Amino acid sequence: MPLHAFQTLAYEPAFLSLGAEYWDEVQAASFPEHWLRFRNDDLLPLMGLNPASVTNSDFIAAFGQFQGREPLLAMRYHGYQFGEYNPRLGDGRGFLYGQFRGVDGYLYDLGTKGSGTTPYSRGGDGRLTLKGGVREVLASELLHRLGVPTFRSLSLIETGESLWRGDEPSPTRSSVLVRLGRSHIRFGTFERLHYLKRPDLIRQLLDHVIDYYYPHLGEISDPKERYGQFYRELVAATADLAATWLAAGFCHGVLNTDNMAITGESFDYGPYRFLERYDLGFTAAYFDYYGRYAYGNQPAICVWNLEKLQAPLSFVMPLEAMQAALQSFGDRCRHTYLKQMLRRLGWQTLPVERGSLLVEQTQEFLSRSTISYPQFFVSLRQEFSAQWVVDAGHIFRESPTLSSADQTLLGPWKATYVQLLQEATPEERNAIPATLAAANPLVILTQPRIETIWQAIDTENDWALFNATLAAMKA
Ligand code: AMP
Ligand code: MG
């Protein structure tokens with residue numbers, strides 16, 4: 001008899017089988033309480049589970065009490081943090097819970113955060129604050145809704161401890177988050193092997209990454225060419241990732257190389273923020289004094305991180321090929337950004353060259369207007385009308401959300417928008433409302449909003465707003 005529903009998954013010991021150079025076996029902490037605060041039923045079918053037959057007790061047994069799953073692995077990695085190499089990293093408050101084959105055929109990781117200390121805790125408590133867990137659930141689910149390739153949150157369990165933190169009123173409540181994504185292998189996993197001068201392991205890890213996450217490259221028989229193509233695809237995936245952050249109006253906040261996944265997925269949401277005003281210099285982390293990880297700097301930082309990754313990879317492939325591949329980042333990022341922005345503006349199929357002026361005018365407007373970045377797209381979704389095609393005067397006519405100053409600032413945008421509408425086919429015009437609805441969730445998670453959600457939890461243990469916010473993301 002399995003102890004709980006999550007014991008029946010199709011687990012595969014992929015990372016474990018790389019060998020003990022890559023991980024340490026660890027134990028989960030035992031916690032005084034287990035209150036399930038969030039379960040993501042949308043992810044259960046991917047795991048081959050029927051949500052109706054998975055109980056809250058199953059979640060708690062699996063992801064609060066860690067019954068019947070071993071070994072649990074703290075992953076070893078290093079990384080560049082704010083530009084400085086740090087060899088004292090690794091999973092310090094989480095571990096790889098397990099890897100399973102999804103019903104879609106892909107291998108997925110389940111990783112914990114806040115589950116106890118490990119050899120890499122460096123004096124930290126190995127815990128995650130409840131507020132941190134709440135923030136991460138909200139970010140991952142909204143980013144997913146906004147089209148960012150992101151890790152998802154599977155569960156959040158409050159664990160009944162009191163934590164002390166410099167950046168939260170303390171004592172503060174504790175939690176364990178479980179997240180689901182393709183791979184927790186990071187740029188920093190390779191950087192560590194370079195630091196240890198282990199080209200043999202770099203090759204082994206790269207073969208592993210290609211086998212599991214870039215299997216189509218297996219057809220390329222020449223290893224140098226195969227590795228080169230891997231790097232090119234990683235550059236493209238990371239450029240797409242940076243582009244989707246920008247379009248989502250998201251500032252990750254801590255783009256250290258230990259937070260960059262080898263699959264180009266976005267993960268690890270700490271001091272992130274969603275934009276209020278559109279401002280390229282907007283920073284999320286209060287400790288990011290020089291704006292290294294500012295909103296508009298995210299593509300440049302991804303390039304920097306990809307460049308650093310060339311050092312370990314140069315043990316197995318020529319540096320020049322990687323340098324050439326990295327040149328393509330800018331065009332790729334720009335192209336994906338324009339596509340994403342045009343979707344948010346209602347244009348699903350418009351070629352980017354034809355839509356780029358509208359995107360520039362959107363940026364220009366948003367950087368000068370007082371309307372918040374996400375509110376503009378919500379307003380567009382709610383106020384768009386088929387009448388707009390008649391002339392620019394119909395656009396946002398009597399808008400409840402745009403001030404008269406905004407109406408003036410939006411003049412050039414309106415002229416372009418009406419022209420695109422008039423040039424569009426009826427099918428293209430008819431598709432706009434559905435595109436706007438798909439691309440622009442009504443949920444806004446700027447900082448004051450997150451604080452409001454947290455206040456209700458903090459003071460009244462009232463989860464209604466948190467739950468309603470998550471439900472509204474799906475609508
Ligand atoms: P992060 O900023 O969450 O990516 O974490 C950077 C490093 O600090 C990683 O090695 C984490 O595991 C570690 N870390 C962060 N918070 C804690 C904590 N409360 N206890 C132990 N290690 C931590
Ligand atoms: Mg991290």
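Side chains are part of it too, since the values below use all heavy atoms of this structure and drop only hydrogens, waters and symmetry mates. Quick caveat, the model's predicted, so the values are computed rather than measured.
- A distance of 8.0 Å separates CZ in Arg69 from CG in Leu9, rounded to the nearest 0.5 Å.
- Here the closest non-hydrogen pair linking Ser140 and Thr150 is O-CG2, 3.6 Å.
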Item checked: Verdict with reasoning, Leu445 to Met473, per side chain to side chain contact (heavy atoms under 4.5 Å, CB included) -> CA-CA 11 Å; Leu445 284 183; Met473 286 180 202; 3.9 Å; yes

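- Put simply, the side chain of Phe38 does not reach to within 4.5 Å of the side chain of Val134, judged on heavy atoms.
- Residue Arg334 qualifies as open at atom CZ: its count of foreign heavy atoms under 6.0 Å is 12 or below.
- For Tyr77 and Phe187, the gap between ring centers reaches or exceeds 6.0 Å.
- Side-chain contact between Tyr293 and Cys251 is absent, with no heavy-atom pair separated by less than 4.5 Å.
- Other residues, nucleotides and ligands contribute at most 12 non-hydrogen atoms within 6.0 Å of the CZ atom of Arg368.
- The closest donor-acceptor contact from the side chain of Gln99 to the backbone of Tyr11 lies at 3.5 Å or more, if one exists at all.
- Of the N and O atoms on the side chains of Gln375 and Ser379, at least one donor lies less than 3.5 Å from an acceptor on the other residue.
- In the displayed structure, Phe287 atom CZ is contacted under 6.0 Å by more than 12 heavy atoms of other residues, nucleotides or ligands.
- Side-chain contact annotation: Thr129 with Glu168, donor-acceptor N/O pair under 3.5 Å present.
- Contact annotation: the side chain of Met75 approaches that of Ile185 to within less than 4.5 Å [non-hydrogen atoms, C-beta and beyond].
- Between the NZ atom in Lys131 and the CD1 atom in Ile450 there is a gap of 9.0 Å [rounded to 0.5 Å].
- Between the side chains of Tyr227 and Asp222, no donor N or O sits under 3.5 Å from an acceptor N or O.
- Between Glu141 and Arg152 there is a salt bridge, since a side-chain N of the basic residue sits under 4.0 Å from a carboxylate O of the acidic one.
- Side-chain contact, Trp347 with Thr435: no donor N or O sits under 3.5 Å from an acceptor N or O.
- The only member of Leu366, Leu442, Leu436, Leu146 that meets side chain to side chain contact (heavy atoms under 4.5 Å, CB included) when paired with Phe377 is Leu366.
- A donor-acceptor distance shorter than 3.5 angstrom exists from the side chain of His252 to the backbone of Phe267, with no hydrogens or angles considered.
- Residues Tyr195 and Tyr85 place their aromatic rings such that the two centres sit under 6.0 Å apart.
- Tyr289 has its ring centre no less than 6.0 Å from the ring centre of Phe82.
- Contact detail for Leu234 and Ala261: the closest heavy-atom pair is CD1-O, 4.3 Å.
- Judged by distance alone, the side chain of Arg186 and the main-chain N or O of His184 form a donor-acceptor pair under 3.5 Å.
- Listed by first then second residue, pairs satisfying ring-ring contact (aromatic ring centres under 6.0 Å, His included) with a partner in residues 425-448 number zero, not counting sequence neighbours.
- Inter-residue side-chain proximity for Pro71 and Phe95 is flagged as unmet; no heavy-atom pair is nearer than 4.5 Å.
- Proximity of Leu96 to Leu72: side-chain heavy atoms (C-beta onward) are nowhere separated by under 4.5 Å.
- A ring-ring contact (aromatic ring centres under 6.0 Å, His included) check over residues 297-332, counting only residues at least two apart or in different chains, returns the pairs Tyr80-Trp304, His194-Phe315.
- A salt bridge is absent between Asp125 and Arg127: the closest approach of a Lys/Arg side-chain nitrogen to an acidic carboxylate oxygen does not fall below 4.0 angstrom.
- You'll find the side chain of Trp23 stays beyond 4.5 Å of the side chain of Thr118, heavy atoms only.
- Summarising the geometry of Ala285 relative to Gly253, their closest heavy-atom pair is CB-O, 3.9 Å, with the distance given to 0.1 Å.
- Thr416 and Gln361 share a donor-acceptor pair across their side chains, judged by distance under 3.5 Å alone.
- A side chain to side chain contact (heavy atoms under 4.5 Å, CB included) with Lys113 is found for exactly one of Asp91, Val176, Leu128, namely Leu128.
- Taking the side chain as every heavy atom from C-beta outward, Arg76 and Thr189 never approach each other to under 4.5 Å.
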Next item on the list: Go through the steps for Gln298 and Leu255 under the test side chain to side chain contact (heavy atoms under 4.5 Å, CB included), then give the verdict.
Entry: CA-CA 8 Å; Gln298 295 179 111; Leu255 292 181; 3.9 Å; yes

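- Remark: Arg182 fails to qualify as a cation-pi partner of Phe151 under the 6.0 Å distance and 45° angle criteria applied to the six-membered ring.
- Using modelled atom types, one side-chain atom of Ser314 and one backbone atom of Ala311 make a donor-acceptor pair closer than 3.5 Å.
- Side-chain atoms of Tyr214 and His216, non-hydrogen and from C-beta on, do get closer than 4.5 Å to each other.
- Between the side chain of Gln7 and the backbone N or O of Gly68 there is at least one donor-acceptor pair closer than 3.5 Å.
- Residues satisfying the ring pair (Phe, Tyr, Trp, His ring centres under 6.0 Å) test with Phe365, not counting sequence neighbours, are Phe376.
- Between Arg226 and Glu219 there is no salt bridge, since no side-chain nitrogen of the basic residue lies less than 4.0 Å from a carboxylate oxygen of the acidic one.
- Scanning both residues, Gly92 and Ser121, for their nearest heavy atoms gives O-OG, 2.7 Å.
- Of the possible polar contacts, none joining the Asp258 side chain to the His78 backbone as a donor-acceptor pair under 3.5 Å is found.
- Side-chain contact check for Ser153 and Glu136: no donor-acceptor pair (N or O, by modelled atom type) lies under 3.5 Å.
- When atom types are taken as modelled, the side chain of Asn259 and the backbone of Val254 share a donor-acceptor pair closer than 3.5 angstrom.
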Note to self: Determine whether Thr336 and Gln340 satisfy the following criterion, side chain to side chain contact (heavy atoms under 4.5 Å, CB included), listing intermediate values before the conclusion.
What the structure shows: CA-CA 6 Å; Thr336 303; Gln340 291 283 116; 4.3 Å; yes

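- Judged purely by distance below 3.5 Å, without hydrogens or angles, the side chains of Glu233 and Gln229 pair a donor atom with an acceptor atom.
- Aromatic ring centroids of Phe6 and Tyr97 lie 6.0 Å or more apart.
- The aromatic ring centres of Phe250 and Tyr269 sit less than 6.0 Å apart.
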Next item on the list: Please test Leu275 against Thr446 for side chain to side chain contact (heavy atoms under 4.5 Å, CB included), starting from the C-alpha separation and ending with a verdict.
Entry: CA-CA 6 Å; Leu275 286 183; Thr446 50; over 6 Å; no

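- At a cut-off of 3.5 Å, with distance as the only test, no side-chain donor of Glu265 or Tyr213 sits close to an acceptor on the other residue.
- In this structure a side-chain-to-backbone donor-acceptor pair under 3.5 Å is missing from Arg381 to Ala438.
- Tyr272 and Asp268 share no donor-acceptor pair across their side chains, judged by distance under 3.5 Å alone.
- Here the closest heavy-atom approach between residue Ala439 and residue Arg343 is recorded as CB-O, 3.6 Å.
- A cation-pi geometry, defined here as NZ or CZ lying under 6.0 Å from the six-membered ring centre and within 45° of its normal, does not hold between Arg277 and Phe282.
- The main-chain N or O of Ser115 is never found under 3.5 Å from a side-chain atom of Thr112 such that the two would form a donor-acceptor pair.
- In the displayed structure, Gln363 atom CD is contacted under 6.0 Å by more than 12 heavy atoms of other residues, nucleotides or ligands.
- Judged purely by atom type and a 3.5 angstrom limit, Asn440 uses its side chain to pair as donor or acceptor with the backbone of Arg344.
- Of all heavy-atom pairs between Ala14 and Leu107, the closest is CB-CD2, 3.7 Å.
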